[in-house]
Protein chains: 2
Amino acid sequence: MHSRRNSVEHISTARRSCDNCCTRKYCLVSRIDERLTPGLSKAMRHPRILARGERLFIQGDKFYSIYLVRSGTFKSYIIDDTGDRQITGFHFAADILGLDGVQSGRHGLEIEALETSSVCVVPFCKLEQDFGQNQSGLYRYLIGAASGAAYQQSYLLMLLGRLHAAQRLASFLLDISRKMGERGGSESEFHLTMPRYDIANYLGMAVETVSRLFKRFEKQNLIKVERRHLKIIDRDGLLDTLSSDHRFSALRNTA
Amino acid sequence: MHSRRNSVEHISTARRSCDNCCTRKYCLVSRIDERLTPGLSKAMRHPRILARGERLFIQGDKFYSIYLVRSGTFKSYIIDDTGDRQITGFHFAADILGLDGVQSGRHGLEIEALETSSVCVVPFCKLEQDFGQNQSGLYRYLIGAASGAAYQQSYLLMLLGRLHAAQRLASFLLDISRKMGERGGSESEFHLTMPRYDIANYLGMAVETVSRLFKRFEKQNLIKVERRHLKIIDRDGLLDTLSSDHRFSALRNTA
DNA sequence: CGAATCGTTGACGTCCGTCAAACTACGTGG
DNA sequence: CCACGTAGTTTGACGGACGTCAACGATTCG
């Protein structure tokens with residue numbers, strides 16, 4: 001709204017900058033003891049300004065900083081292999097952006113300004129300096145776990161929002177299969193511990209649909225299922241099912 | 001699978017316990033320096049065992065500990081005002097459970113064992129003792145922010161999985177309205193910064209449906225909308241729309 | 001003034017949710 | 001061991017919510 005030139009003139013120190021900030025009372029920075037963070041205020045001196053359509057970071061970007069929304073609005077979204085997008089949230093003043101990168105060191109989603117907006121840039125390494133040496137790795141791990149959970153949910157959102165029932169179930173089976181493999185079991189044959197009803201609820205469909213799809217997959221020779229015992233016969237076939245046309249196929253915003 | 005009696009006999013100290021644990025190589029505990037945490041190993045000596053259907057914690061429970069899955073499987077879910085449930089995830093060995101409680105101090109979701117399962121109990125206060133005094137509040141805040149994001153996503157899952165298009169849009173509008181209010185704007189009249197296409201994508205429906213619903217809400221005198229300018233006329237009416245019958249109305253598992 | 005982006009409106013078809021009923025597996029008590 | 005109840009799963013018939021397609025306004029911008 002106001003020009004960048006004006007903003008810069010107002011800011012002589014980060015403290016000054018914060019004093020003028022309308023999100024002051026909710027802000028993360030107010031929780032940081034200024035004495036402990038000599039480098040931080042300097043790093044935060046210049047807010048970053050984004051025009052409409054500009055992206056704060058994109059999927060795969062290396063993770064350096066977290067961001068505090070000063071003004072404007074943002075959308076975050078994930079992009080799947082086929083280029084389709086699922087918006088996972090809208091963000092307003094005082095929201096924290098970028099924590100999704102803590103776990104892997106790379107951003108798992110993408111954030112774009114919906115109008116001219118500004119953020120404070122908080123370098124994560126500066127934050128970590130103040131945590132003291134002991135156990136800071138642990139803390140980072142916990143943040144990663146929490147934001148990893150958020151990412152996992154975003155992914156599920158993508159399933160529910162964009163895929164047909166058959167694709168959702170295929171994705172679910174492949175997901176379980178992978179997890180069983182990671183934990184030392186067989187990837188192709190395992191026991192489903194949850195009832196059909198839970199699967200249906202999780203995937204946002206009716207129990208009857210789950211039942212019918214299991215049968216259909218069996219007829220297509222993709223799986224063999226008896227009660228809760230499941231055997232994956234044709235993994236590639238399931239992948240094909242997953243990647244077949246999905247809902248809202250219209251592409252857009254392919255900037 | 002093996003009896004509780006056997007497990008207990010094997011455990012003489014937490015270290016012994018961990019040595020026997022098949023999730024050892026992925027586990028959070030391996031990241032904790034034993035010298036720094038005299039109380040922790042003692043606290044973790046006895047894993048907690050849950051029978052099928054038993055719950056680790058329920059929505060609203062006070063947050064004390066996080067949990068590491070040793071064996072078995074769990075489901076997590078949230079419950080809305082009407083008692084309906086949305087499953088938000090299935091959890092296997094080595095998963096971390098309970099971080100959803102860090103932010104508010106209470107658990108926002110509920111976790112139930114799908115079969116006989118066991119978890120290690122890690123009291124969060126013991127962890128925090130080791131973080132040192134400086135800035136541990138900040139770290140906690142960041143974990144809270146990350147897990148808050150996960151919870152937010154779970155909530156959206158509930159929308160996509162269980163509600164009709166009209167209810168999703170009503171919920172979206174009320175949500176935006178609240179956020180605008182929290183940030184000092186008007187709750188009843190504001191500017192939508194995102195295009196219809198983004199709203200549709202976010203809520204998992206077609207653009208045309210969004211458009212038609214806006215019109216319908218207008219005819220019902222719930223809102224007044226012109227392009228991106230929105231005015232909420234009848235908040236209670238929107239709430240009624242939201243709470244009207246939704247999909248998968250069949251209740252279950254009302255233990 | 002075109003071109004592009006965004007939003008609206010109508011007609012049509014289908015995926016999948018709803019309802020109803022039968023079948024199974026499993027546990028419990030007589 | 002069998003009768004019985006319950007919870008879980010399957011199957012079929014039916015219909016409505018909503019996605020798809022197509023075309024037309026409205027707005028912005030170079």
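Fair warning: this is a prediction, and the values are worked out from it, not measured in the lab.
Counting only residues at least two apart or in different chains, salt bridge (Lys or Arg N to Asp or Glu O under 4.0 Å) contacts with residues 174-186 of chain A comprise A:Asp175-A:Arg178, A:Asp175-A:Lys179, A:Arg178-A:Glu182, A:Arg183-B:Asp95. Residue pairs meeting the salt bridge (Lys or Arg N to Asp or Glu O under 4.0 Å) criterion with at least one member in residues 213-224 of chain A: none, sequence neighbours excluded. Counting only residues at least two apart or in different chains, side chain to side chain donor-acceptor pair (under 3.5 Å) contacts with residues 226-239 of chain A comprise A:Ser177-A:Arg235, A:Glu189-A:His229.
Under the 3.5 Å distance criterion, with hydrogens and angles disregarded, a donor-acceptor pair is assigned to the side chains of A:Thr193 and B:Thr73. Counted by atom type alone, A:Ser76 and A:His91 present one or more donor-acceptor pairs between their side chains at under 3.5 Å.
Across the protein-nucleic acid pair, B:Tyr197 atom OH and C:dC6 atom C1' stand 12 Å apart, rounded to whole Å. If you take CZ of B:Arg162 and P of C:dG17, they are 12 Å apart, rounded to a whole angstrom. As rounded to whole Å, 15 Å separates atom C1' of C:dC15 from atom CG of A:Asp245. In this structure, A:Glu208 places its CD atom 13 Å from C1' of D:dA13, rounding to the nearest Å. The nearest whole Å value for the distance from the CG atom in B:Asp198 to the C1' atom in C:dC6 is 11 Å. Distance, A:Ile199 CD1 to D:dT10 C1': 14 Å, rounded to whole Å. Nucleotide C:dG17 holds its P atom 16 Å from the CZ atom of A:Arg196, rounded to whole Å.
Residues satisfying the side chain to side chain contact (heavy atoms under 4.5 Å, CB included) test with B:Met180, not counting sequence neighbours, are A:Phe92, B:Ile176, B:Phe190. For A:Ser71, the side chain to side chain contact (heavy atoms under 4.5 Å, CB included) test picks out A:Ser118, with sequence neighbours left out. For B:Ile58, the side chain to side chain contact (heavy atoms under 4.5 Å, CB included) criterion is met by B:Arg55, B:Asp61, B:Glu110, not counting sequence neighbours. In this structure B:Phe63 satisfies the ring-ring contact (aromatic ring centres under 6.0 Å, His included) test together with B:His107, B:Phe124, sequence neighbours excluded. Residues meeting the side chain to side chain contact (heavy atoms under 4.5 Å, CB included) test with B:Ser65, sequence neighbours left out: B:Tyr67, B:Val121, B:Pro123.
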Enumerate all atom pairs, one protein N or O and one N or O from nucleotides 25-30 of chain D, separated by less than 3.5 Å.
none

Find every protein N or O atom lying less than 3.5 Å from an N or O atom of nucleotides 16-18 of chain D, and list the pairs.
residue, atom, partner, partner atom, Å
D:dC18, OP1, B:Ala165, N, 2.9

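In the interface, the side chain of B:Arg212 is not paired with the base of C:dG7 through any donor and acceptor atom under 3.5 Å apart.
Map B:Lys215 and A:Arg52 each onto its nearest nucleotide of DNA chain C; the residue landing nearer the 5' end is A:Arg52.
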Side-chain donor-acceptor distances from residues 202-211 of chain B under 3.5 Å, at least two apart:
none

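Axis orientation changes by 40° from one end of the helix from C:dC1-D:dG30 to C:dG30-D:dC1 to the other, with each end axis drawn from 5 pairs and the value rounded to 10°.
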